[in-house]
Amino acid sequence: MPSLLRHFECPGCHRTWSPREPATYCTGCERTLRSVYDLAAARDRLSLASLRARGPSLWRFQELLPILDPGNQVTLGEGETPILPVEEPRYAPGLTLLVKDDGLLPTGSFKARGMAVAVSRARELGIGTVMVPSAGNAGAALAAYARRASITARIYMPRDAPRSARDQVTAYGGTLRLVEGHIGDAGRIAREEAKGSGAFDISTLREPGRAEGKKTMGLEIAVALGPGSLPDAIVYPTGGGTGLLGMHHAFQELTEMGWIEKVPRLYAAQSSGCAPVVEALRKGRSRVEPVAHPETIAAGLRVPNPFSSEDILQAVRSTGGGGVAVPDPAILEATRWMASRHGISICREAGCALAGIRLLREEGTLDAGERVLLYNTGTGLVEG
Ligand SMILES: Cc1ncc(COP(=O)(O)O)c(C=O)c1O
Ligand SMILES: [Zn+2]
């Protein structure tokens, strides 16, 4: 059994769930579960060289993923994405900029990582139907992976979700339900309907698999660049916070295994029209305050009240990082700039992170000479 998963644990009350239980989240604490592995065994069995030698698949990290039987691993070939150095004096003056491009993953976004693992877990648990509320990309990824695993997928999206995501869901044979409002409204309706249908809820941070899949973002960065060459900072477009939590978990585990000494500072970039995480970080709050009227052209960032926000905020703070909010016009400009200037197609969400880097540099949060990684979470090809 290659997975070294010991159990799932609530970071609030420390209750544990065994690997074979259909664990979701801690309903008492309303918090996401942390996956706990035997890291001493991981240190003995793995090395950076052995991981590199396994090739580019996400499943090369199987010891640190929560799928017990490798036969249940569902794959569409997701795996290592490039880290591209970019000379960018306009948005990253004085910095060394690296762009990690997850737009190349199946279905065009980093959501493939989380869904590969969450759907594999559903298969391992013998679950026949899963559901998810989604701003777009998560739904597209779920539909594809669920089809690959012969599991039924119900996807709830805001009516104005990007056309490409809606089209992907139907193309992959998922059931698409469009709802009025934002992703929070979609989640409410999805959970009401799941009570009747029994569909398993794999909403952002309400089950452990998706964040563990996103953990491979951090693991990949460490394996590709090597422990001595990690970026000083990673700027990440933040909606539900899965990516931040996943990367943080990766760097924590690598620290505990003795592989890295310095963790990159994590920065959350959000649109000024919906910036609950950035606001909480800047105001020193321990939880987010929900945004009443979330508005932004970056669909994946329109998350007014992320679940388990205390964990997201703690993760960012523990790295010495922070947050930055960017107005929508600056998001669009930065998104277009990356394509027209560097030939790299980034999504609007990552355009937010790019514009955020400039603001963080201007305010002196990012220092001259630092190496900064811009995480491109999706392709820009799908947007008009
Ligand atoms: C392209 C893109 N980037 C970023 C996000 C934010 O994701 P999270 O903060 O949950 O990792 C999303 C979520 O929908 C997205 O689709
Ligand atoms: Zn708890």
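Counting starts at 1 for both ligands and their atoms, following the listed order.
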For Pro237, the ligand 1 atoms whose distance to one of its heavy atoms is below 4.0 Å = 4 (C), 6 (C)
Hey, which atoms in ligand 1 end up nearer than 4.0 Å to a heavy atom of Phe110?
-> 2 (C), 3 (N), 4 (C), 5 (C), 7 (O), 11 (O), 12 (C), 15 (C)
Judged by non-hydrogen atoms, does Ser109 sit under 4.0 Å from ligand 1?
-> no
Between atom OG1 of Thr24 and atom CZ of Phe8, what is the distance when rounded to the nearest 0.5 Å?
-> 10.5 Å
Going from NZ on Lys100 to CG on Leu373, what distance comes out if it is rounded to the nearest 0.5 angstrom?
-> 8.0 Å
Ligand 1 contact by Cys347, heavy-atom criterion under 4.0 angstrom | yes
Decide, yes or no, whether a salt bridge links Glu124 with Arg20 under the criterion of side-chain N to carboxylate O below 4.0 Å.
-> no
Looking only at distance, does Thr242 have an N or O less than 3.5 Å from an N or O of ligand 1?
-> yes
Under 4.0 Å from one or more heavy atoms of Thr238, ligand 1 contributes atoms 9 (O)
Cationic N near anionic O, under 4.0 Å, Glu220 to Arg113 | yes
for atom 6 (C) of ligand 1, nearest protein heavy atom and its distance come out as Gly239 N, 3.3 Å
Could you confirm whether His14 has any N/O/S atom lying under 2.8 Å from the Zn ion (ligand 2)?
-> no
NZ/NE/NH1/NH2 to OD/OE distance under 4.0 Å, Glu349 and Arg302 = no
Strictly by modelled atom types, are Glu256 and Tyr37 linked by a side-chain donor-acceptor pair under 3.5 Å?
-> no
How about Ser309 and Arg285: does a side-chain donor come under 3.5 Å of a side-chain acceptor?
-> no
Is there a nitrogen or oxygen of Leu301 sitting under 3.5 Å from a nitrogen or oxygen of ligand 1?
-> no
Do Lys111 and Asp102 sit within salt-bridge range, that is, some charged N less than 4.0 Å from a carboxylate O?
-> no
Would you mind listing which atoms of ligand 1 come within a distance below 4.0 Å of any non-hydrogen atom of Gly243?
-> 11 (O)
Looking only at protein heavy atoms, which one is nearest to atom 3 (N) of ligand 1, and how far off is it?
-> Thr377 OG1, 2.7 Å
Could you check atom 8 (P) of ligand 1 against the protein and tell me its nearest heavy-atom contact, residue, atom and distance included?
-> Gly241 N, 3.4 Å
Among protein heavy atoms, which lies nearest atom 13 (C) of ligand 1, and at what distance?
-> Lys111 NZ, 2.9 Å
Can you name the nearest heavy-atom pair linking Thr319 to Arg265, along with the distance?
-> O-CG, 3.4 Å
Closest contact, heavy atoms only, Gly218 versus Met247 = N-CG, 3.8 Å
Does even one non-hydrogen atom of Arg348 get within less than 4.0 Å of ligand 1?
-> no
Does Asn137 approach ligand 1 within less than 4.0 angstrom via side chain, backbone, both or neither, non-hydrogen atoms only?
-> side chain
